[in-house]
Number of protein chains: 2
Amino acid sequence: MPGKPERADAARNRQAILAAAAALFDRDGAEAVSMSEIATAAGVGKGTLFRRFGDRTALIEAVIEPRVTALRDAVEAGPPPLGPGGPPAAALHAYLDALLDFVWANRTLIRALEHRGPHAYYANAASRFWIDELTRRLTAARPGDDAEYLAHALFTALRADVIDYLVTVREMPPDRIRAGLHGLAAVPPDD
Amino acid sequence: MPGKPERADAARNRQAILAAAAALFDRDGAEAVSMSEIATAAGVGKGTLFRRFGDRTALIEAVIEPRVTALRDAVEAGPPPLGPGGPPAAALHAYLDALLDFVWANRTLIRALEHRGPHAYYANAASRFWIDELTRRLTAARPGDDAEYLAHALFTALRADVIDYLVTVREMPPDRIRAGLHGLAAVPPDD
DNA sequence: TACGATACGGACCGGTGGTCCGGTTGGCAA
DNA sequence: TTGCCAACCGGACCACCGGTCCGTATCGTA
């Protein structure tokens, strides 16, 4: 797939940038860190940073990418109920739990992504996957419902800034949010 | 309440700015309009703009304020089911409908507000009111449930950018979103 | 008419994401 | 080992942003 291998210095710099960015994002919150700061911290010129990653959005995506991949693997090929093969309701709940944990653990990065461009949160390739998977599991657990809309609504309820607001400002314990999510995903009465 | 009346030129400029800002926000999307553009369009210096409104956030809020007030009045003192006095379930549904219409009609402005600061969407004074009212109506319609969490989840599902994404990109008709919202707000089975 | 309070406006500031290009370096071929 | 050139580097540079400052013009009153 890679047309040409990367030169040694280029590869070294890519790693340095990724490491520096992850550290700074984690320490100060991704929105508070400028590209120049990252370049400096990585011991690299700003030009290098932008040549490697194109723009700020791409850098942030590159930093989360490995974590996304880990969860994605567990979802696509791990053991049930999170992995494929479990009973629909359990699969749905396990998936929601995993997403909530993921969002909470990576809230700074995700928040930074949410705030780029008009539909950044949903247009994102990773998000598309999460939503599609959520749609599948909802379809299986709740046949007859509007799974596509429901998936988007639930995914929206998992936005990093809401979660962060509820926990930080409203002082809701994460388990309460978890319970609320499960309630929203539960089968409603046929009215 | 006003300590001193505003000078004539000041009042004229305030109106000019408000009008210019509303027009530009509506035409280009609020995030794409800079403060200087607004000042120029209003035929006013940038200093004047900032002295009147303090900062960008306050300007945007000032532009939506009259629309917020209109809906707020209907909710607090209008005829049922949107106004007070109707049966709980109808009150809840009418309220969700009104919020959805409001968000759709003012999506550009609201989007601009969503993207300011960490918890801008929720910390906002108007939002607090919407959420509190939603909490009340949920409590009335669904006693025993976690109305506070539910209110935040539903309100999040009403964020302008989600709605806009669903309608614009996913091509979901607004009525489908409406139906989905009602489904989420409906009483779930006691499991 | 004269005068002080109020308001005006655009030059200015620090900082941002992103670009550009002269100089450097890695890695291959001879 | 040497020589060569594509690949890569880095920081000066750019346009622009939100926001401030202050000398000047205007309003409204006495």
Side-chain angles (χ1 to χ4, degrees), chain A residues 2-21 24-25 27-63 108-109 111-118 120, chain B residues 2-21 24-25 27-63 108-109 111-118 120:
Chain A
K4 279 288 181 64
E6 209 169 37
R7 234 169 68 171
D9 49 351
R12 215 181 318 124
N13 282 334
R14 146 169 284 124
Q15 294 308 337
I17 291 170
L18 247 16
L24 285 180
F25 286 160
R27 182 160 63 84
D28 299 340
E31 315 191 47
V33 181
S34 76
M35 297 301 269
S36 309
E37 280 181 85
I38 296 170
T40 304
V44 140
K46 227 212 290 198
T48 302
L49 199 172
F50 277 95
R51 190 164 358 83
R52 274 290 156 288
F53 295 97
D55 65 8
R56 192 182 162 84
T57 303
L59 206 216
I60 300 174
E61 284 177 351
V63 173
T108 35
L109 274 316
R111 274 250 301 269
L113 227 37
E114 285 173 359
H115 281 266
R116 313 226 85 218
Chain B
K4 280 288 182 63
E6 210 169 37
R7 234 170 67 172
D9 50 350
R12 215 182 318 124
N13 282 334
R14 148 170 281 123
Q15 294 307 338
I17 291 170
L18 247 16
L24 284 180
F25 286 161
R27 184 161 62 84
D28 300 338
E31 316 190 46
V33 181
S34 75
M35 297 301 268
S36 309
E37 280 181 86
I38 296 171
T40 303
V44 140
K46 225 208 293 195
T48 301
L49 199 170
F50 277 96
R51 191 166 353 85
R52 276 287 156 289
F53 295 98
D55 65 8
R56 190 183 162 85
T57 303
L59 206 216
I60 300 176
E61 284 177 350
V63 173
T108 35
L109 274 317
R111 274 250 300 269
L113 227 38
E114 285 173 359
H115 281 265
R116 313 225 86 219

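Here is the naming used below: chain letters follow the sequence lines, and residue numbers restart at 1 for every chain. Bear in mind the structure is a predicted one, so any value in this text is a computation, not a measurement.
Atom CG in A:D9 sits roughly 6 Å away from atom C1' in C:dG26 (whole-Å rounding). Going from atom CZ of B:F53 over to atom P of C:dA7 covers 13 Å, rounded to whole Å. Separating the CG atom of A:L59 from the P atom of C:dT16 is a distance of 15 Å, rounded to the nearest angstrom. Rounded to an integer number of Å, the gap from A:R12 CZ to C:dT25 P is 11 Å. Remark: P of C:dG10 and CE of B:M35 are 16 Å apart, rounded to the nearest angstrom. The CZ atom of B:R116 sits 11 Å away from the C1' atom of D:dG19 (whole-angstrom rounding). Taking atom CD1 of A:I17 as the reference point, atom P of D:dC8 lies 12 Å away to the nearest angstrom. D:dG18 atom P lies 5 Å from atom CZ of B:R56, rounded to whole Å.
Here the shortest heavy-atom pairing between A:A30 and A:R56 reads O-NH2, 2.7 Å. Residues B:L109 and B:I60 come closest through the heavy atom pair O-CG2, 3.9 Å. Of all heavy-atom pairs spanning B:A16 and B:A42, the tightest one is O-CB, 3.7 Å. B:E37 approaches B:A32 most closely through the heavy-atom pair OE2-O, 3.5 Å.
With hydrogens and angles left out, the side chain of B:R51 and the base of C:dA7 share no donor-acceptor pair within 3.5 Å.
Comparing the local axis fitted to the first five base pairs of the helix from C:dT1-D:dA30 to C:dA30-D:dT1 with the one fitted to its last five gives a bend of 10°, rounded to 10°.
Comparing D:dG10, D:dC13, D:dT20 by their closest approach to the side chain of B:K46 singles out D:dT20.
A distance of 10.5 Å separates CG in A:L49 from CG in A:D55, rounded to the nearest 0.5 Å.
Considering only side-chain N and O atoms, A:R7 lies nowhere under 4.0 angstrom from the phosphate OP1 or OP2 of C:dG26. The shortest distance between the side-chain N/O atoms of B:N13 and the OP1/OP2 oxygens of C:dC8 is below 4.0 Å. Under 4.0 angstrom from either OP1 or OP2 of D:dC17 there lies at least one side-chain N or O belonging to B:S34.
Between B:G45 and A:D55, the one whose closest nucleotide on DNA chain C sits nearer the 5' end is B:G45. Comparing B:R52 and A:A8 along DNA chain C, the residue whose closest nucleotide (by nearest heavy atom) sits nearer the 5' end is B:R52.
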>> Working note: A:I38 + A:F25, criterion side chain to side chain contact (heavy atoms under 4.5 Å, CB included); need CA distance, chi angles, decisive distance, verdict.
In response: CA-CA 9 Å; A:I38 296 170; A:F25 286 160; 3.9 Å; yes
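The shortest distance between side-chain heavy atoms of A:M35 and A:L59 falls below 4.5 Å.
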